[in-house]
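Numbering of residues begins at 1 and proceeds along the displayed sequence.
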Amino acid sequence: MTSGNWRRLPGSPWELRRHPSLHWRAEELLALLPATLDGDPSAIRTTSERIETLCGAFDSGRAEPVLKPIIDGWGEELQLLRN
């Protein structure tokens with residue numbers, strides 16, 4: 001699906017309605033998503049930073065981290081999204 005098609009979706013996608021993030025309103029995510037899908041470097045970095053923050057918050061409530069090892073598994077490639 002191209003970002004142009006994404007813009008035409010009515011309302012929030014099912015996943016966001018059924019499984020909202022407590023720390024990222026669907027409206028904020030959906031506003032950032034078209035630029036992210038279009039490859040805008042600033043939007044990609046903002047989205048990546050926000051996702052890392054949310055993953056950290058998710059893991060902080062668990063005895064063993066679940067998402068941080070996945071993010072760390074990206075290795076050096078992740079630096080492109082951070083800088």
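Applying the side chain to side chain donor-acceptor pair (under 3.5 Å) test to every pair with at least one member in residues 67-78, sequence neighbours left out, gives these pairs: K68-D72.
Here R45 contributes atom CZ and D40 contributes atom CG; the two are 9.0 Å apart, rounded to the nearest 0.5 Å. I44 CD1 to L80 CG: the interatomic distance, rounded to the nearest 0.5 Å, is 10.5 Å. To the nearest 0.5 Å, atom CD of residue E49 and atom CG of residue L54 are 10.5 Å apart.
The neighbour count for E28 CD, taken as heavy atoms of other residues, nucleotides or ligands under 6.0 Å away, is above 12.
In this structure, T36 and A43 approach most closely via the heavy-atom pair OG1-O, 3.5 Å.
Every residue meeting the side chain to side chain contact (heavy atoms under 4.5 Å, CB included) condition with E52, not counting sequence neighbours, appears here in chain and number order: S48, I71, L78, R82.
Both L32 and I51 belong to a single network of hydrophobic side chains, linked directly or stepwise wherever heavy atoms of I, L, V, M, F, W or Y lie under 4.5 Å apart.
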When the side chains of residues 60-67 are checked against the rest of the protein, which donor-acceptor pairs come out under 3.5 Å, sequence neighbours left out?
{"residue": "S60", "atom": "OG", "partner": "A57", "partner atom": "O", "Å": "2.7"}
{"residue": "R62", "atom": "NH1", "partner": "F58", "partner atom": "O", "Å": "3.0"}

